[in-house]
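Within every chain, numbering begins at 1; the chains are lettered A, B, ... in the order of the sequence lines, protein sequences first and strands thereafter.
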Number of protein chains: 2
Amino acid sequence: MSKMPTVKDVAEYAGVSVGTVSRVLSGEAAVKPLLRERVNDAISALGYRPNVTARALRTSRTDVIGLVVPDITNPFFAQLAASVERAALECGHSLMLASSHNDSEAEQSHVSAFLDRSVRGIIVVASSDGSGLDLPASVPVISLDRRFGTFPLVSTNHAQAATLIADHLYGLGHRRIAYIAGPTDTEAGRMRKEAFVSRMDGFGKTGEPVELEIAYGRFDYESGERIARELLSYPPQDRPTAIAAASDQQAIGALRAARDLKIDVPRKLSVTGFDDISLANLVVPRLTTIRQPADMLARRAVSLLLEEPPGKGDEMVDGSLIVRGSSGPCPQPGASGRK
Amino acid sequence: MSKMPTVKDVAEYAGVSVGTVSRVLSGEAAVKPLLRERVNDAISALGYRPNVTARALRTSRTDVIGLVVPDITNPFFAQLAASVERAALECGHSLMLASSHNDSEAEQSHVSAFLDRSVRGIIVVASSDGSGLDLPASVPVISLDRRFGTFPLVSTNHAQAATLIADHLYGLGHRRIAYIAGPTDTEAGRMRKEAFVSRMDGFGKTGEPVELEIAYGRFDYESGERIARELLSYPPQDRPTAIAAASDQQAIGALRAARDLKIDVPRKLSVTGFDDISLANLVVPRLTTIRQPADMLARRAVSLLLEEPPGKGDEMVDGSLIVRGSSGPCPQPGASGRK
DNA sequence: CTGAAAGCGCTTACAG
DNA sequence: CTGAAAGCGCTTACAG
């Protein structure tokens, strides 16, 4: 292939200086219509495309937004990534996506790599409450969904959302409840759990007492399945009547465990999730969960990043309760055994 | 933040020329140990990091591999992306990921964007058999899983794998089978279907006849659910005893439909998928499917891309049959209705 | 409004 | 083995 044409070629072809070419390219500075037209003709005649690397070197700016997620294989993050890409595109920016495999070292090095490429800004969905960044960030950084270092956070209001689930289950009459929590080294995991627990404690004080058992795991299918299997191995009268999980994946794993143990959901056991991944509406039974407004979160994160000066304050977006088939009234004691 | 140090600063600090700094950076050229050490000291003292943009401009090369997938929200592509990232990292390269939302224009523009950034090479999982690229590609391009333009393809041997499924179902005694195909504008969709059909035709000629119905959809959950619902609405004696789907997502949708219609899988109906996404092992019943060796595919694609000269020939990797609970012997006629 | 020129931070022939 | 210098393709003060 022949070498790509440069501003110089365009300038020669159009009979102007490279400065003029650059000026019509930027669209900013005023250029006489005649010259502008000659330049544009030259550009299309030559099939010229600006060299973004040179431009970046000169201006130390690009239109790339870097996004790092803990694990692209997690459906919620995949959806979030798709939303961020759409939001970036809407603002005329493109997205570079990196997955850190839940490894905070990899996370660090991805962020550094973005910095090295002088991206316009970086959005990070932290893999854990790491120390954040030890490099000086020369571009804006926004935490999304989970806090990264001390950078501003855009996230669902985890506490409000967890409260919605607590109210739902308590309202259905459940008084022996298990909570499958997310990793304690993630803010999302902690906040969801604490809000859920404190709401239940509140009910316990003002109304009927609630037995609450808490188990900790990762956010994935396997954790949910393993933990639920354990919780459900108790004799029926000691077994929870509802399991609230900190993620849809955990909840789907719990559904799987219940199924294996032939425990009818929702008649004998209610299960709830968190995220509303697309699968939540497809499992059997369909999962009651919290919808996180991914599009909104993405748009807010991109906006904060691109604002001048970049946004400094945290932003919370409310989640909403989606009631489906996996949650129902607490089974009456003694009404079991109808096989 | 103060300006980042440059080779010039390092050179001054170490009392050498910038050329020497560059040479120790590259590690290639021989530099006297004494100077090398002084330069390295200067680098760490100053916290110097090479400017990759400048380097890219000068050499018109980077260590970035661009990957574009049709939809990052599809679990199979997410897994493939994770595998490609790992493979790239192993070779000292980093990954830029873009999702085309199944839009071939977006796909084109992502590829162009990569080209503009002078990436080391591009791997594309085509969203459809587009015209491929109309720009001159100045770097190697590899098609992964689905052919992009005329670029070399690394993929599972779709035909061999589809044959495995056909043999499995025929071997279980199924003679009235429905096939949920993928989009006909994807090579993967066509090849899987054709191999399945031709294998069944072969059985029909040498053994017992097979009734085969084919329905076309996208690769997603919804298509599978919708199509299966239709297929299963026939009266029991006309209904297929097995549904083979071109993707796990379709198969999981079909499972959902069967469940809604109270058709017992696998006793009344066998369902098979293709891909072996992590969910396949979690649905109820667990899904019989074809495992695509994502890690291997990813590694081969990266290798071909990085070879000098870049690989030119297609590569096929065999898939393997994973038998789980969703497939079983063909139900005996008349043995129904045991409610 | 336009051109000539400097410079972004590197790498790499070219001399020595 | 090392230094001085050119140049990658842009953008942007600086003159005019």
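The distance between atom CG of A:Leu35 and atom P of C:dT2, rounded to the nearest whole Å, is 4 Å. Computed from coordinates, the A:Arg36 CZ to C:dC1 C1' distance equals 11 Å when rounded to whole Å. When rounded to the nearest whole Å, the span between CZ of A:Arg117 and C1' of C:dG9 equals 15 Å. Taking atom NZ of residue B:Lys8 and atom P of nucleotide C:dG7, one finds them 9 Å apart after rounding to whole Å. Rounded to a whole Å, the CZ atom of A:Arg38 is 12 Å from the C1' atom of C:dT2. To the nearest angstrom, C1' of C:dC8 lies 13 Å from CG of B:Asp9. One can place CG of B:Leu57 at 8 Å from C1' of D:dC10, the figure rounded to the nearest angstrom. Summarising the geometry, the separation between CZ on A:Arg49 and P on D:dC8 is reported as 21 Å, rounded to the nearest angstrom.
Identified under the salt bridge (charged side-chain N to carboxylate O under 4.0 Å, His left out) test for residues 81-101 of chain B, with sequence neighbours left out: B:Arg86-B:Asp295. Contacts classified as salt bridge (charged side-chain N to carboxylate O under 4.0 Å, His left out) and involving residues 62-74 of chain B (residues at least two apart or in different chains) are given here: A:Arg117-B:Asp63.
Partners of B:Arg38 under the side-chain contact (heavy atoms from CB on, under 4.5 Å) rule, at least two apart in sequence or in another chain, are B:Ala14, B:Val16, B:Leu34, B:Leu35. Scored by the salt bridge (charged side-chain N to carboxylate O under 4.0 Å, His left out) test, B:Asp314 finds B:Arg147 as partners (sequence neighbours excluded). With sequence neighbours excluded, the residues forming a side-chain contact (heavy atoms from CB on, under 4.5 Å) with B:Tyr48 are B:Pro5, B:Val7, B:Val10, B:Leu25, B:Ile43, B:Pro50, listed by chain and number. Residues satisfying the salt bridge (charged side-chain N to carboxylate O under 4.0 Å, His left out) test with B:Arg58, not counting sequence neighbours, are none. Scored by the salt bridge (charged side-chain N to carboxylate O under 4.0 Å, His left out) test, A:Arg120 finds A:Glu308 as partners (sequence neighbours excluded).
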Strand DNA chain D as a dot-bracket string - pairs counted if Watson-Crick or G-U with both distances under 3.5 Å, | where the partner lies in another strand
|||.||||||||.|||

Output one letter per nucleotide in nucleotides 11-16 of chain D: B when a protein non-hydrogen atom lies under 4.0 Å from the base, S when only the sugar-phosphate is that close, - when neither is.
BBB---

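Among the heavy atoms of the strands lying under 4.0 Å from B:Val16 are primed sugar atoms or P, OP1, OP2 only; no base atom is included.
For the atom pair OG of A:Ser155 and CG of A:Leu144, the computed distance is 8.0 Å after rounding to the nearest 0.5 Å.
Residue B:Glu37 qualifies as open at atom CD: its count of foreign heavy atoms under 6.0 Å is 12 or below.
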